[in-house]
Amino acid sequence: MERLWFSITDEFGLWSQISFEFEARLPLRNLIWKGGITQTAQFVSQLNARVVVNEPVPKDATALLHIYLVALNDTESDTRKAEVRARAKAWSIRQKTPWLIVLVTNSEPPTQGPKFLNMRTTLLDRLRSDIGRKDSDHVVHLQHKQVESWNALFLAIRDQTVQGLEARTSVLGDEIRRMDANRMLPGWNYCKFFVTKERLADLYAALELWDAALAQYDELEAVYEQLPQAQSAWFSEFGACDDFTDLLNVHKKPYRQQLARNTITQFDFCVYLCGQQLRLLVEMKRYAEVVQRAQRLIDGLGAKMHDVSPMFRAAWTYSTCMNVVEICEGVQLAQDDATVRVLAVAKAEFLASARRQLDVLGTMCGRLPAGYLKQSSTRELTQEPESKASEPDLELISNPVLAEALASDARFDQVYVRTCEQATQYYLDSGRKRFAQVMQGDIAQLHICRERWANAIRVLRPLIPATGDLNVMDVHLAEQQAVCERRLGHTASCLLLVQRLISSARFLDSSAQSSYANMLKELAHEVPASQYSTVLFRVGDIAVDYDSASIAVNIHVQSDVPAALDVQRVEAVLVAGENDAQQLEIVVDARDVTLEPGSTRVALTTDSASCAGRFEVQSVHVFVGNVEFRIPVSNANSRRFVRLNAHPNAPVIELRACASSLVVNIQPLVPIDSMRLWVHDAQSQSVFDDQCMVPEGYRVEDGALVVEAVESSASVEIGLARTPASGSITVYAEYTVDGDPRMLLDTDDIEFAMPVVLTARKLSTHTLLVRAQCSALAPVRVLELCVCDVSIEPVARFLQYGESATTVCEAEGDKAAISVRFTMLMDAVRVCVYELVAKAASALKLDAHTRYVQRVVLAHVRRTIDAQATVCESRLVCEP
């Protein structure tokens, strides 16, 4: 930037008297002038200018105004006065720029000469007369103790300054127009044109007209870009020799002198031009444009470095990026300013670019392996680090920080990590979390290169989401962490990562998929026994094979593993019951299964349980090596059910209540080694206890009837010590067949209470009133009533609970033998329903479902049919 000066010539020692007040009124403010090529009125809010006294103005500065201080008084001789006036006139003649003569006194200007007609001539008038009428306004009087006089002086200074600026810009504008008109002529020199136009830009900058100054440099850049064929003639050479960039320091080299002598290199010129533009943009607080133009310099100048050493190009790019970051960090903005986010993004991008240059330089200087730049991920977990390159000549690098970093691994790592961490923070400030992850991934990659596995894990672990799908960036980070976990022997953690990588196979190539599939098999045998909830497998269609000789469930397992996987066992857990306390689990499984990529049908069977009913498929488990992979099937939003029949080879257990005893009929389809049988009544109380009377060869232990080997049908009548609750009972049996433990669960409806209660009352000596009352929940029909071996007519209708039928009969004596024969409605209905269902199932070849359908139909009849209105009056129940 061009500096502006007020040059003061003080030959009479007056400056010490007026310096304080003079400098206090600087800088000049609120100037209006018509300057520049457009000659439009422009407002200058503040004009900063320095003062030099009795010294020449510096070569790189411009004198706004030359001021000559004169001292005269009446006591001096006329010769002295004439001499002073002559010296002032001579000084004014020598000035080519605006000038001003100031007569400094303590009072009114002194008079000179005799009175004539009451007219007196002052020394100020005489001095103006000597200078000349046309320049009389260049002579002013200053009474330095009067404010009005100071105001008049600075008014004159303002006028002369504005006139000088207008004259200067006019001259420069004429020169620029002349040179621009000759641009296409042979011999035209861009460097001279640049120097001339830059003088105008400096003048604008000195007046703080930043837009006008920037416009001059933009026009110079446009001319430079419009004539690329002439660039080699304007500059001595490309000359890239200084990688240590300081864009705002335009005085780092004698750029202007080199331009004037046509000795500047093209590289230095581009740096200087961009530096001038950035300096003006910073003054205007247009920071977004600062980073844009800096990036344009890096891209444009980097593209021209065809014959430049790659090391220099990388070092210069690194230094320039870091310099732009320093410029942006010096900006002070309010937190709510929209530019804050823009600058945060820009700083992060420049730091990321600087990090990429460190990759290049580190590889070239042996600080990083030779193949480091090509490693997008490390999949060969057993790969040894590559040998380092030979040490290069670091004297080519002038940036001291960079040279020190490239001299040792420790210092290089410090600079590398600090650069990535700064970029991470700026990315987070700008809301770009994914880009911040990339920077952290680069830090982890450096730790991996140095075999600092634990450090790499600490960096990577927070970056990878704990749950959910992985995107392409997460996959890359997970691959890096898998490398570290494998090297440290953390097989369990590595297995988890490998599972997630395989489930995100769409982001991996075929070789990587195959590698991770093999690794999964290896890790499954290396880790301790453990269970994992996995996304590698999913459950497709589920169907029950009712024609199988055992309980069989066919499940389609969808495998995301890209290779065939041999598993020891696949099992499914089937659960019946609504609450945890009453849940029954059945496990069906298959052994030595090969899961192919995609869908594989697996037949899961079991002979160890028999329980007809509706079961929920809760989960499927895949056992590989020491690992159990758990596949959830049912959840709160989706539940999957299957219906199972009783096992085809399960024994048939029938119960029948007779007065105060219970008859148990066991019909084994295969020989049974031993059996323990539990029966629970409608109130979940055990029917068997230690007070029960059991035949020889049987016993009751812990509420279970213990039955030894059963090879054929067996019937056991057990005397009960109490009357169990009637209704739905549960039959549970544990038994062994050829040493294999098995289980059976069944339900039935049994009436333990006496269905008919007989009471008798003597009406007279020879007559007896007999009452038969129904005490069963189901309707009962009395078929025969005998009193003293005399049969009485049966009751014509079914009796509901609490209803009774009475009859009067003859009886001799005080005692009479009374007996009753009856039939229960549901017993008759059961026989009819079972026969009808069995016949229909046989006709449809659905014999495997007979027992299940019989129970369902019978339950439906009990629940929905009015026995009195429908069954009792129909021919469904026939006379016995």
Side-chain angles (χ1 to χ4, degrees), residues 539 541-555 571-589 603-620 633-635 638-655 664 666-669 675-684 686-687 727-735 737 741-750 826 829-830 833-834 837-838 840-841 844 846-864:
V539 175
D541 296 335
I542 302 176
V544 178
D545 184 3
Y546 295 106
D547 297 328
S548 173
S550 60
I551 294 179
V553 180
N554 297 328
I555 293 181
E571 68 177 30
V573 179
L574 311 180
V575 178
E578 295 298 330
N579 55 68
D580 295 338
Q582 298 178 354
Q583 278 190 347
L584 170 69
E585 288 189 0
I586 295 180
V587 177
V588 292
D589 63 357
L604 307 180
T605 62
T606 183
D607 290 324
S608 61
S610 175
C611 180
R614 187 167 178 259
F615 284 78
E616 178 183 356
V617 183
Q618 191 175 68
S619 61
V620 175
V633 178
S634 296
N635 52 52
S638 174
R639 305 177 67 183
R640 305 180 70 174
F641 293 88
V642 294
R643 183 182 60 78
L644 300 181
N645 288 333
H647 194 284
N649 294 328
V652 178
I653 300 177
E654 295 181 349
L655 304 178
V664 180
I666 303 175
Q667 300 177 11
L669 300 181
M675 174 184 288
R676 296 174 66 88
L677 178 66
W678 287 267
V679 178
H680 295 274
D681 62 13
Q683 297 179 355
S684 300
S686 178
V687 174
S728 178
I729 66 169
T730 302
V731 179
Y732 178 72
E734 292 180 353
Y735 62 99
V737 175
R742 299 188 179 183
M743 179 270 291
L744 178 145
L745 181 67
D746 201 358
T747 58
D748 200 355
D749 284 334
I750 294 181
M826 295 315 298
V829 171
R830 180 188 294 107
V833 169
Y834 280 17
V837 171
L844 297 174
L846 298 175
D847 298 282
H849 305 282
T850 299
R851 292 173 63 182
Y852 174 77
V853 177
Q854 286 173 341
R855 296 289 179 86
V856 172
V857 173
L858 186 60
H860 176 73
V861 170
R862 287 173 176 163
R863 196 168 53 245
T864 61

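Because the structure is predicted, anything quoted here is derived from the model rather than measured. Residue numbers run from 1 in the order of the sequence given.
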Check [X] against [Y] and note the closest heavy-atom contact, atom names and distance.
X	Y	answer
Val539	Arg640	O-NH1, 3.3 Å
Tyr834	Gln854	O-NE2, 3.2 Å
Ala572	Leu604	CB-CD1, 3.5 Å
Leu669	Pro648	CD1-O, 2.9 Å
Val833	Val861	CG2-CG2, 4.5 Å
Ala576	Phe615	CB-CE2, 3.4 Å

I need the [X] [atom1] to [Y] [atom2] distance, nearest 0.5 Å.
X	Y	atom1	atom2	value
Gln683	Ser686	CD	OG	13.0 Å
Glu734	Met743	CD	CE	8.5 Å
Ser548	Asp607	OG	CG	8.0 Å
Thr730	Leu584	OG1	CG	11.0 Å

Step-by-step side-chain contact (heavy atoms from CB on, under 4.5 Å) determination, Leu574 to Leu644: CA-CA 10 Å; Leu574 311 180; Leu644 300 181; 3.8 Å; yes
Within-4.5 Å side-chain heavy-atom neighbours: [X] and [Y]:
X	Y	result
Ile653	Asp746	no
Val587	Thr606	no
Pro668	Met675	no

Partner of His647 by side chain to side chain contact (heavy atoms under 4.5 Å, CB included), out of Cys611, Ser608, Ser550: Ser550
side-chain contact (heavy atoms from CB on, under 4.5 Å) between Leu655 and Val664, intermediate numbers included: CA-CA 5 Å; Leu655 304 178; Val664 180; 3.6 Å; yes
side-chain contact (heavy atoms from CB on, under 4.5 Å) between Ile729 and Val687, worked out: CA-CA 9 Å; Ile729 66 169; Val687 174; 5.8 Å; no
For Arg676, all residues meeting salt bridge (charged side-chain N to carboxylate O under 4.0 Å, His left out), sequence neighbours excluded: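 Scan of Arg676 (salt bridge (charged side-chain N to carboxylate O under 4.0 Å, His left out), adjacent residues dropped) gives Glu701.
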